[in-house]
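Shown next, in structure tokens, is the structure this report addresses.
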2 protein chains.
Amino acid sequence: MQNHYLNNDRILVALDCIIFGFDRRGLKLLLIKRDFEPEKGKWSLMGGFLKREESLDEAADRILHQLTGLQNVYLEQLYGFGEVDRDPVERTVSIAYYALINIREHDRELLEQYGARWFSVEDLPDLIFDHNEMVQAAKSRLKYRASHEPVGFELLPEKFTMPELQILYEGIYETELDKRNFRRRILSMDVLKKMDEKQKKYSKKGAYFYKFNKDKYQAKINNGDSLVFKPIKL
Amino acid sequence: MQNHYLNNDRILVALDCIIFGFDRRGLKLLLIKRDFEPEKGKWSLMGGFLKREESLDEAADRILHQLTGLQNVYLEQLYGFGEVDRDPVERTVSIAYYALINIREHDRELLEQYGARWFSVEDLPDLIFDHNEMVQAAKSRLKYRASHEPVGFELLPEKFTMPELQILYEGIYETELDKRNFRRRILSMDVLKKMDEKQKKYSKKGAYFYKFNKDKYQAKINNGDSLVFKPIKL
DNA sequence: GCAAAAGTGTTAGAACTACACCCATGC
DNA sequence: GCATGGGTGTAGTTCTAACACTTTTGC
């Protein structure tokens, strides 16, 4: 490989974050209005460049924090996008990350500064560069992840109801689920704690709150159980 | 994001290839003996640096070709490794790719030039930098991929026998399978063509050859069928 | 009293797992 | 004729998917 380190090209490395949120109406994505050229004024993912003295994960974290004020949230590397002309200004490789955040917990002022807005994943505007592709990849990774690990709870407040959890999974899987089968399956994993309290905001009868019992989940995993969060078709 | 392109760090981008092969004794990995400092003489994945005028996929392809003489083989991006000090010489981000090749079809002379050798995946030497981690990631990606798509055939010659296919899947999943259940499941997908010919090299009775019918598979996929190649526990 | 959302069980069919013996042939 | 690897079938169990009515309560 004649692999002297000299004489190789040094290249801009960017990070782009696909930021998912959830409210009762469905899955959301946080996009920003690009305020510089090229493509100024178009919608875009939040991004930034890798610095020499930080790791990829640290950089993604920093960039997510910049926009949302949040730290220590679910953040997973997705894919490296590396077409030669993906950025028209300069050759840039971008590593995409996706984040799952509780939509109620971010810094609204920062969002305004960046001209950011939440969009329903079913109705996204056209994005710059290859960002549409990145979003697609994030959506399918999320489907996969959600069917093997309890990532759904990252998008929900600590207390949530069964109907909310179901709407979330329906959003992730882009399909409708049968509520009897859904409840049975979720509850059979035995990692949710039912509260006495009810959510009365959205119905007269009220829906019981549940909490995800992370410790119990971890114990089961360490015990070798493989809990699956697969969807159930209607 | 104050995102002028100037004043950002340009960084070395490397590619490392986890190259899988298969022979009747199990899954193999192709490693090279590093012939330059640092870590000269240690085993390593085949790697190289991204050039400004090529895409990540092209670079991975080039590097794979350099070592094996092969092109147009199965090659999938795995993950971007980006710890600050992962390469002691200079800050380098490495995008790992894994390849599935037919172990009989590579260029033996090239291998010798690079001091390359096939190792059983169950008995790998310690590798440089974070290459051990890369191999781990590749193994689990391969498990996932093999349970959803017919990637196993990339590792086999055009004609193969059921026992061979089973050994391959056992290698990928690192588990033993029941041969009756395995055959039933594979054949029920109805994408293998049984030949009249038998492989007589490894048994007196001989085992029938099969071919993977890629067109039939594609037709089923396009038809919305979701064929699964899951393992079956013993 | 009625509208609106929450909650609850059963059943038929499919898929999964476990398991043991016969076959063909080269020596 | 026997050792070696190739090939085959069944039954019990579990999992999945389909499906409709009752409950609660604010208005």
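Residue numbers start from 1 in every chain, and the chains themselves are labelled A, B, ... in the order their sequence lines are given, proteins ahead of strands. Side-chain atoms are counted along with the backbone in the values below, which use heavy atoms only and exclude waters and symmetry mates.
- Under the salt bridge (Lys or Arg N to Asp or Glu O under 4.0 Å) criterion, B:Lys143 pairs with B:Glu174, not counting sequence neighbours.
- Not counting sequence neighbours, B:Lys214 has no partner by the salt bridge (Lys or Arg N to Asp or Glu O under 4.0 Å) test.
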Do any side-chain atoms of residues 131-138 of chain B form donor-acceptor pairs under 3.5 angstrom with protein atoms, and if so which ones, sequence neighbours left out?
| residue | atom | partner | partner atom | Å |
| --- | --- | --- | --- | --- |
| B:His131 | ND1 | B:Leu45 | N | 3.1 |
| B:Asn132 | OD1 | B:Leu127 | N | 3.1 |
| B:Asn132 | ND2 | B:Asp126 | OD1 | 3.1 |
| B:Asn132 | ND2 | B:Leu127 | O | 3.3 |

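- Protein atom CZ of B:Arg25 is 14 Å distant from nucleotide atom P of D:dG5, rounded to whole Å.
- Atom pair A:Lys179:NZ and D:dA20:P shows a separation of 13 Å (rounding to whole Å applied).
- Judged by closest nucleotide on DNA chain D, B:Thr161 is the one of B:Thr161 and A:Pro231 placed further toward the 5' end.
- With the nearest nucleotide of DNA chain C identified for both B:Lys198 and A:Pro163, A:Pro163 has the one nearer the 5' end.
- Look at CD on B:Gln166: it is 12 Å from C1' on D:dG5, rounded to the nearest Å.
- C:dA4 atom P lies 19 Å from atom CD of A:Gln199, rounded to whole Å.
- Looking at residues two or more places apart in sequence or on another chain, you find no salt bridge (Lys or Arg N to Asp or Glu O under 4.0 Å) involving A:Glu58.
- Summarising the geometry, atom CD1 belonging to A:Ile232 is positioned 5.5 Å from atom CG belonging to A:Asn181; distances are rounded to the nearest 0.5 Å.
- Shown here are the ring-ring contact (aromatic ring centres under 6.0 Å, His included) partners of B:Tyr144, two or more places apart in sequence or in another chain: A:Tyr144, B:His148.
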Enumerate the protein-to-nucleotides 9-11 of chain D contacts in which both atoms are nitrogen or oxygen and the separation is below 3.5 Å.
| residue | atom | partner | partner atom | Å |
| --- | --- | --- | --- | --- |
| D:dT10 | O4 | B:Arg184 | NH1 | 3.2 |
| D:dT10 | O4 | B:Arg184 | NH2 | 3.4 |

Side-chain donor-acceptor contacts of residues 99-107 of chain A below 3.5 Å, not counting sequence neighbours, with atom names and distances?
| residue | atom | partner | partner atom | Å |
| --- | --- | --- | --- | --- |
| A:Asn102 | OD1 | A:Arg104 | N | 3.0 |
| A:His106 | NE2 | A:Ile103 | O | 3.1 |
| A:His106 | NE2 | A:Trp118 | NE1 | 3.0 |
| A:Asp107 | OD1 | A:Glu109 | N | 2.9 |
| A:Asp107 | OD1 | A:Leu110 | N | 3.1 |

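- Remark: C1' of D:dA17 and CG of A:Leu177 are 12 Å apart, rounded to the nearest angstrom.
- To the nearest angstrom, P of D:dG7 lies 11 Å from CD of B:Glu164.
- Not a single donor-acceptor pair under 3.5 Å links the side chain of A:Lys220 to the backbone N or O of A:Val191.
- One atom, CD1 of B:Ile167, and another, C1' of D:dG5, lie 11 Å apart when rounded to the nearest Å.
- Scanning residues 200-210 of chain B for heavy-atom distances under 4.0 Å to DNA chain C yields B:Lys200, B:Lys204, B:Lys205.
- Remark: A:Glu112 pairs with no residue by the salt bridge (Lys or Arg N to Asp or Glu O under 4.0 Å) rule, at least two apart or across chains.
- Using a 4.0 Å heavy-atom cutoff across all strands shown, B:Arg185 reaches sugar-phosphate atoms only and no base atom.
- For the pair B:Phe182 CZ and C:dC16 P, the interatomic distance rounds to 14 Å; values are reported in whole Å.
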